[in-house]
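Inspection log for the structure reproduced underneath, given as structure tokens.
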Number of protein chains: 2
Amino acid sequence: MLHSVPEIDTSEALTERQKAVLDAALRLLVEEGDQLTMTAVARRASCSKETLYKWFGDRDGLLTATVQWQASKVRVAPVDGKGLDLASLTASLERFASDWLKVISSDTSIALNRVAISHAGSGKDNLGAVVLENGRFALAKRLKPVLEAGRRTGLLDFADAETAFRTFFGLVARDVQIRLLLGDRLELTEAAIGGDAARATQQFLALHGAKTGPQGL
Amino acid sequence: MLHSVPEIDTSEALTERQKAVLDAALRLLVEEGDQLTMTAVARRASCSKETLYKWFGDRDGLLTATVQWQASKVRVAPVDGKGLDLASLTASLERFASDWLKVISSDTSIALNRVAISHAGSGKDNLGAVVLENGRFALAKRLKPVLEAGRRTGLLDFADAETAFRTFFGLVARDVQIRLLLGDRLELTEAAIGGDAARATQQFLALHGAKTGPQGL
DNA sequence: GATATGCCGTACCGTACGTTACGGTTCGGC
DNA sequence: GCCGAACCGTAACGTACGGTACGGCATATC
């Protein structure tokens with residue numbers, strides 16, 4: 001478990017200029033891959049290296065700030081679990097699945113995960129923790145209330161929300177993320193994502209939907 | 001899709017000494033993470049840097065050779081699809097699931113995937129291709145015959161073997177690999193892996209097992 | 001025994017990059 | 001108009017590392 005980054009404080013009081021610098025770093029990260037040198041960021045952001053070091057401490061600080069800055073922008077409006085019927089539950093799940101597939105297949109996510117994974121290999125794991133906290137765990141935090149509402153309503157049947165979430169996660173993501181991270185060309189069109197989201201949702205309902213019709217004799 | 005590495009030729013005619021050097025590189029990669037410098041490999045393998053360059057060309061060559069060397073060691077005996085009944089099919093699937101979980105949670109796999117992902121971020125994607133070809137795609141190549149045998153025998157029901165495989169893959173792996181790659185401590189005990197493999201297999205059978213009993217009225 | 005081959009150990013080179021330092025410029029406050 | 005703070009642009013420093021060169025040793029071949 002990762003508890004080192006319980007809550008990302010986006011209240012870091014970033015000035016507009018600093019946000020612009022981080023945006024530049026982010027663009028550079030996505031476009032150039034690993035060529036995220038301090039010189040390159042300074043040039044791209046039209047600022048001096050001295051300023052980068054004053055604001056962010058060192059390269060790690062800049063990297064962390066960049067990842068957190070992107071994370072702070074990804075916050076998605078949570079879904080309310082009110083007035084739940086099968087149709088709205090299905091729609092919610094499909095929405096989550098579709099959103100998640102769009103996120104993990106985006107250039108930004110791929111670049112961010114790559115740099116965080118590289119970073120995790122070398123001692124300090126803070127970047128990985130940030131990415132995980134704002135990706136997988138944030139998704140779980142938003143989806144679990146929906147699952148539990150579905151269970152209360154009798155639409156879903158599962159013992160543990162965490163386990164149920166992980167099943168849904170697996171059905172949605174499958175091998176997409178690892179293939180993209182490893183450089184596999186795997187272009188997901190809007191239509192393909194929609195189809196995958198619907199399929200994953202139906203499979204999840206088949207596994208955890210409450211048995212309503214006649215069954216097993 | 002990745003077609004640049006259709007077949008890994010392990011017939012590279014490695015001498016015993018070269019294998020020992022690659023083993024040293026592999027150990028270093030696993031233990032030290034990203035500190036896989038040419039100097040460190042030479043010291044660990046008790047060989048000269050000049051020899052490394054003569055044998056493997058450059059750093060990329062050494063990395064590629066190391067990854068392929070590890071890949072050549074991972075080959076698992078395929079499962080035959082003869083005399084298939086539900087029990088043996090279930091056992092086969094559980095075995096695949098368990099093996100796969102063991103692989104992706106091993107230090108070696110994590111280190112290898114990390115270096116390949118870092119590499120994929122910087123232009124050349126050969127490492128990622130090798131890892132994918134010997135990981136995900138090799139698994140698919142071994143599992144699909146089993147799935148198709150199950151379908152022929154009437155035990156399984158699915159339209160596309162590739163899609164069915166990806167469903168199984170998702171049910172087995174879920175969020176394990178990305179969490180480990182991002183540095184999340186997530187120790188899978190032997191027992192936990194066994195339980196996960198059984199759960200994933202049952203879920204897969206629930207989705208794609210041929211309907212035998214009375215159903216839907 | 002002489003010569004050749006292959007490899008170890010190590011010193012060395014060039015470069016890339018993180019980090020620091022500094023002169024010049026802009027800008028808000030008095 | 002003047003001051004100081006913040007910042008830009010760039011030069012410079014230190015180091016790490018990929019890659020090369022070379023002397024020495026051990027084994028093989030004749």
Side-chain angles (χ1 to χ4, degrees), chain A residues 12-67 69 111 114-116 118-124 126-127, chain B residues 12-67 69 111 114-116 118-124 126-127:
Chain A
E12 190 76 31
L14 292 173
T15 67
E16 291 307 313
R17 181 77 180 104
Q18 287 171 331
K19 293 178 186 174
V21 169
L22 292 181
D23 274 327
L26 209 48
R27 276 200 309 278
L28 204 58
L29 192 64
V30 172
E31 293 170 17
E32 305 297 329
D34 68 335
Q35 295 293 54
L36 194 76
T37 69
M38 300 301 278
T39 304
V41 173
R43 188 170 40 228
R44 177 66 82 97
S46 292
C47 75
S48 72
K49 293 210 270 180
E50 187 178 25
T51 301
L52 290 183
Y53 282 100
K54 180 186 291 185
W55 284 348
F56 306 108
D58 56 3
R59 186 168 186 275
D60 261 25
L62 174 61
L63 238 48
T64 305
T66 303
V67 171
W69 169 235
R114 282 209 181 119
V115 67
S118 306
H119 206 80
S122 17
K124 2 191 168 178
N126 38 359
L127 277 192
Chain B
E12 190 76 32
L14 292 173
T15 69
E16 290 308 310
R17 182 76 180 104
Q18 287 171 332
K19 293 179 187 173
V21 169
L22 293 181
D23 274 327
L26 209 47
R27 277 200 309 276
L28 202 59
L29 191 64
V30 171
E31 293 168 17
E32 304 298 329
D34 69 334
Q35 294 295 54
L36 194 77
T37 68
M38 300 301 278
T39 304
V41 172
R43 188 169 41 228
R44 177 66 84 97
S46 294
C47 74
S48 71
K49 293 204 319 183
E50 190 180 24
T51 301
L52 291 183
Y53 284 102
K54 180 184 293 184
W55 284 347
F56 306 109
D58 56 4
R59 187 169 187 274
D60 261 25
L62 174 62
L63 239 50
T64 305
T66 304
V67 171
W69 169 234
R114 282 208 180 118
V115 67
S118 306
H119 205 81
S122 15
K124 2 191 169 181
N126 37 358
L127 277 192

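Chain letters run A, B, ... following the sequence lines, proteins first, then strands; residues in each count from 1. On a predicted model such as this, the values are computed, not experimentally measured, just so you know. Only this structure's heavy atoms are used, side chains among them; waters, hydrogens and symmetry mates stay out.
In this structure, CZ in A:Arg44 is found 6.5 Å from CD in A:Glu32, a value given to the nearest 0.5 Å. A:Thr37 OG1 to A:Arg43 CZ: the interatomic distance, rounded to the nearest 0.5 Å, is 7.0 Å.
The separation between B:Arg59 atom CZ and C:dA16 atom P is 16 Å, rounded to whole Å. In this structure, B:Lys54 places its NZ atom 11 Å from P of C:dT5, rounding to the nearest Å. If you measure from atom CG of B:Leu62 to atom P of D:dG19, you get 10 Å, rounded to the nearest angstrom. Regarding A:Asp58, its CG atom lies at a distance of 20 Å from the P atom of D:dG14, rounded to whole Å. Atom CZ of A:Phe56 and atom P of C:dG18 are 15 Å apart (whole Å). Atom CD of A:Gln18 and atom P of D:dA6 are 12 Å apart (whole Å).
OP1 or OP2 of D:dC7 sits under 4.0 Å from a side-chain N or O of A:Trp55. Close to C:dA16, at under 4.0 Å from its OP1 or OP2, lies no side-chain N or O of A:Gln35. Distances shorter than 4.0 Å separate none of the side-chain N or O atoms of A:Arg17 from OP1 or OP2 on C:dT26. Taking 4.0 angstrom as the limit, B:Thr51 places a side-chain polar atom (N or O) nearer than this to OP1 or OP2 of C:dC8.
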(message) Apply side chain to side chain contact (heavy atoms under 4.5 Å, CB included) to residues A:Leu62 and A:Val41 and explain how you reach the verdict.
(response) CA-CA 10 Å; A:Leu62 174 61; A:Val41 173; 4.1 Å; yes
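Contact check for B:Leu22 versus B:Phe56: side-chain heavy atoms found under the 4.5 Å cut-off. In this structure the side chain of A:Thr39 reaches within 4.5 angstrom of the side chain of A:Lys49, judged on heavy atoms. For the pair B:His119/B:Val115, no side-chain contact is recorded, criterion being any heavy-atom separation below 4.5 Å from C-beta on. With a 4.5 Å cut-off on side-chain heavy atoms, B:Leu63 and B:Leu36 count as touching. Put simply, the side chain of B:Gln18 does not reach to within 4.5 Å of the side chain of B:Trp69, judged on heavy atoms.
For the residue pair B:Arg17 and B:Ser46, the shortest heavy atom distance occurs at NH2-O, 2.9 Å.
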Using atom names, set out every protein N or O paired with an N or O of nucleotides 21-25 of chain C below 3.5 Å, distance rounded to 0.1 Å.
{"residue": "C:dC22", "atom": "N4", "partner": "A:Glu50", "partner atom": "OE1", "Å": "2.5"}
{"residue": "C:dC22", "atom": "N4", "partner": "A:Glu50", "partner atom": "OE2", "Å": "3.4"}

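For the segment residues 36-47 of chain A, residues with any heavy atom less than 4.0 angstrom from an atom of DNA chain C are, sorted by number, A:Thr37, A:Met38.
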